[in-house]
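Convention: sequence-line order gives letters A, B, ...; per-chain numbering from 1.
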Amino acid sequence: MKKRGVGFASIFYGTGYGNGFPDESRATAEIKEDGSIIIYVGVSDVGSGGLSIMWQIAIETLGVNKEFVKIKHNNTSMMHDSGTAAASRQTYNTGNAVLDACSKLKKNMMLASEEVTNLKVLYKQMVTKRIETRVEGYFKATTKEVNLETGQGNPYWPYTFGAQMVTVEVDDETGKVDILDIVSVNDAGKIVNPVLAAGQAIGGCAMGIGYAIMEEVFVNKGEIKNRNFSNYIIPTSKDVPNIKSYFVEDIEGTGPYGAKGLGEPVMIPTAPAIINAIYDAVGVRIYDLPATCDKVLLAIKNNA
Amino acid sequence: MKLLSFFQPNNIDEAKVLLSKYENSKLLAGGTDLLLDFKKDMNVPQYLIDLSKILELKSIVENESDITIGSMVTFTQVKGNKLIKDNFNSIILCAKSMGSPQIRNVATIGGNIINGAVAADIVPCVISLDGILVFESIDTLREVRCEDYFRNNSIEKIKGNEILTKIIIPKRPWLSGYYKLGKRNSLAIARANTALSLSIEENIIKDLRVCLGAVGKFPFRVNELESRAVGKIVEWLFDDEALNILENTVYESIKERKTMPFKRNAIKGVFKNALLSAVESGGNK
């Protein structure tokens with residue numbers, strides 16, 4: 001018989017490298033003779049939307065029309081290091097470096113002329129007045145190594161928060177779990193790009209479903225047997241339900257415009273919420289992911 | 001081995017001639033399995049004979065007492081076919097759950113049967129519907145019940161010069177159903193599947209065919225359950241007495257396998273879901 005259950009899970013996730021590891025980002029902002037403004041920043045967009053975020057932060061800070069601002073990225077001969085696209089750190093850390101560079105350039109622009117009407121003219125004014133047209137931005141995250149004796153120290157800043165509610169249907173005669181509904185709520189401070197953020201939140205749930213009930217690595221004598229997507233099972237469109245995403249925009253004082261990282265935390269609550277929902281539906285606790293139909297059915301049989 | 005030549009015959013006769021002429025050849029009947037092998041340099045023959053241009057193999061025809069499905073009919077074709085829909089609910093459910101749209105567009109019924117993967121989707125359906133396979137070569141023609149083809153595979157197995165041309169399924173006013181348990185809802189290989197067909201009169205079971213897949217070397221029928229069910233009410237099939245037969249059958253079939261404890265239990269749920277799909281189809285045989 002098919003039985004329904006609802007499960008919840010909440011998490012907090014420290015973004016950045018953490019534990020005292022130097023976490024630095026750099027950016028350069030330059031106004032050109034042709035009136036364009038170039039932001040050189042080592043942001044790698046691995047599908048996370050980092051490029052759009054940096055562009056938006058630059059435009060907001062500079063207060064100029066978006067057509068005039070260009071992001072140059074990934075060519076390491078032209079820019080300084082901004083660290084990796086990892087640890088959900090680009091929006092917060094590199095965003096702060098872009099904010100820093102653009103604030104400085106904006107200040108210089110204002111020194112040249114109170115009112116900015118034409119950027120080409122402004123550039124000439126800056127050169128004439130010997131004002132820097134190229135400035136460097138920098139940000140270093142607050143992080144301290146945790147004392148292994150006392151457990152004290154502040155390994156991360158800031159933290160992103162999230163909670164999810166998952167509804168499942170479990171067939172107690174086959175062990176099959178279907179995910180019927182997910183509500184995902186995240187606090188990543190001010191959301192810089194709502195469409196990208198919702199996409200990230202929903203994608204995280206899909207990934208969490210795979211982690212919770214499908215993705216399994218079979219190892220034999222040190223060799224992974226399922227090294228292909230034909231046998232390493234991840235969710236298809238038929239396994240992912242309609243997902244509702246909401247954001248609590250609790251402004252982070254140290255973030256660029258109040259923003260924090262969102263990349264990884266979005267997928268963390270999904271698996272525990274699914275496991276809790278399975279428990280609610282059929283009364284068995286799965287302690288070993290993924291909760292495949294094999295494990296769920298045998299747990300039900302042992303529980304009876 | 002290296003592929004020397006590729007043929008696309010226009011009719012069955014041409015294909016038969018090619019097949020008898022070139023000894024080290026293989027038939028291409030969709031290719032969703034075969035071409036994956038080629039990529040790994042496995043099972044590469046010297047000659048490849050593609051059957052996709054032979055229209056005679058691509059039709060579904062209604063006769064007085066049966067429906068004949070050409071071996072090169074795709075799963076997409078089956079899924080949308082009215083004759084199949086009106087007669088064989090189990091085949092429709094099977095075709096819908098097989099692979100993905102891209103795979104269903106090219107994978108064929110004949111390829112699925114002959115490739116004979118343990119978890120081949122269509123085989124339990126054809127067996128439970130008493131389907132007959134027709135093999136032709138340049139000088140022979142033979143008909144084999146699909147059930148016998150797998151039960152006596154060492155004898156009945158397709159010969160090097162033969163082509164599976166069609167599958168004949170008798171028309172009967174029976175109910176039929178199918179259920180597949182996979183690791184996900186699409187693009188999943190069966191962990192266990194069940195196809196069944198049954199004849200009911202006033203809630204009494206007159207006749208029953210149950211075929212289990214992915215719980216043995218080949219899909220097979222559960223004769224004990226079939227014979228014990230005759231004369232009983234349909235609800236009996238949901239009782240422990242009936243379900244325990246399935247459990248024991250699977251236990252005996254895969255005793256040594258690690259998956260046995262799971263599958264002997266899961267088969268009962270899989271069977272019930274297949275049965276429900278048959279009963280719910282109601283008048284839609």
Side-chain angles (χ1 to χ4, degrees), chain A residues 1-3 168-180 206-220 225-242 274 282 284 286 288-304, chain B residues 32-33 35-37 39-40 96-104 117 119 179-194 212 214-215 237-240 242-244 246-247 250-251 254 257-277:
Chain A
M1 196 194 289
K2 286 184 175 169
K3 292 181 175 163
V168 302
E169 195 170 74
V170 184
D171 186 333
D172 65 359
E173 290 164 312
T174 61
K176 185 170 190 292
V177 177
D178 277 308
I179 316 297
L180 301 184
M207 199 170 167
I209 291 172
Y211 178 49
I213 63 172
M214 292 171 194
E215 294 179 44
E216 202 166 16
V217 177
F218 298 103
V219 182
N220 184 19
K225 301 315 273 182
N226 53 334
R227 288 181 289 190
N228 204 305
F229 281 127
S230 63
N231 46 25
Y232 184 84
I233 305 296
I234 61 170
T236 69
S237 59
K238 284 199 166 180
D239 302 290
V240 179
N242 183 30
I274 288 173
V282 290
V284 297
I286 305 296
D288 169 31
L289 295 180
T292 56
C293 49
D294 304 48
K295 284 182 202 162
V296 174
L297 184 65
L298 290 176
I300 292 169
K301 292 288 159 199
N302 291 334
N303 199 35
Chain B
T32 54
D33 285 316
L35 296 189
L36 296 183
D37 286 351
K39 282 191 179 170
K40 293 182 231 160
K96 276 184 182 167
S97 71
M98 191 278 208
S100 64
Q102 296 91 331
I103 289 176
R104 291 195 287 267
Y179 183 78
K180 169 168 92 172
L181 178 64
K183 286 188 176 178
R184 59 182 167 199
N185 291 328
S186 176
L187 269 171
I189 291 165
R191 297 294 317 282
N193 58 5
T194 295
L212 312 181
V215 288
L237 288 172
F238 291 96
D239 285 353
D240 282 346
L243 300 175
N244 288 341
L246 289 167
E247 181 172 351
V250 170
Y251 170 76
I254 54 169
R257 287 199 211 159
K258 264 204 297 206
T259 52
M260 181 276 288
F262 163 66
K263 288 192 175 181
R264 70 191 282 191
N265 282 302
I267 198 68
K268 297 187 276 187
V270 171
F271 169 78
K272 274 192 189 177
N273 287 336
L275 184 58
L276 282 174
S277 77

- Query: Got a donor-acceptor contact below 3.5 angstrom from the Arg184(B) side chain to the Ile234(A) backbone?
  - Reply: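 Yes; at least one donor-acceptor contact below 3.5 Å.
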
State the [atom1]-[atom2] distance between [X] and [Y], to the nearest 0.5 angstrom.
X         : Y         : atom1 : atom2 : value
Ser237(A) : Leu187(B) : OG    : CG    : 9.0 Å
Ile267(B) : Glu173(A) : CD1   : CD    : 12.5 Å
Tyr179(B) : Lys176(A) : OH    : NZ    : 5.0 Å
Ile189(B) : Ser230(A) : CD1   : OG    : 7.0 Å

Using a 6.0 Å cut-off, check whether atom [atom1] of [X] has over 12 heavy atoms from anything other than its own residue.
X         : atom1 : value
Tyr251(B) : OH    : no
Arg227(A) : CZ    : no
Phe238(B) : CZ    : yes
Met207(A) : CE    : no

- Picking from Thr292(A), Thr174(A), Thr236(A), Asp239(A), which has the most non-hydrogen pairs under 4.5 angstrom with chain B?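 Heavy-atom pairs under 4.5 Å are most numerous for Asp239(A).
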
- Task: Specify which of Ile233(A), Asp178(A), Val177(A), Ile300(A) makes the most heavy-atom pairs with chain B at under 4.5 Å.
- Result: Ile233(A)

- Task: Taking atom types as modelled, find out whether Lys183(B) and Asn231(A) have a side-chain donor-acceptor pair closer than 3.5 angstrom.
- Result: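 There is no such pair (donor and acceptor under 3.5 Å, judged by atom type) between the side chains of Lys183(B) and Asn231(A).
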
- Where do Cys293(A) and Leu181(B) come nearest, in terms of heavy atoms and distance?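 Heavy atoms only, the tightest pair is SG-CD2, 4.3 Å.
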
- Determine which pairs satisfy salt bridge (Lys or Arg N to Asp or Glu O under 4.0 Å) with at least one residue from residues 289-304 of chain A, sequence neighbours left out, and list them in order.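 Every pair satisfying salt bridge (Lys or Arg N to Asp or Glu O under 4.0 Å) with a residue in residues 289-304 of chain A: Asp288(A)-Lys295(A), Asp294(A)-Arg191(B).
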
- Query: Would a 4.5 Å heavy-atom cut-off, applied to side chains only, mark Asp171(A) and Asn273(B) as touching?
  - Reply: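 Side-chain contact under 4.5 Å: yes.
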
- Item | chain A contact via Lys263(B) - side chain, backbone, both or neither, heavy atoms under 4.5 Å | neither

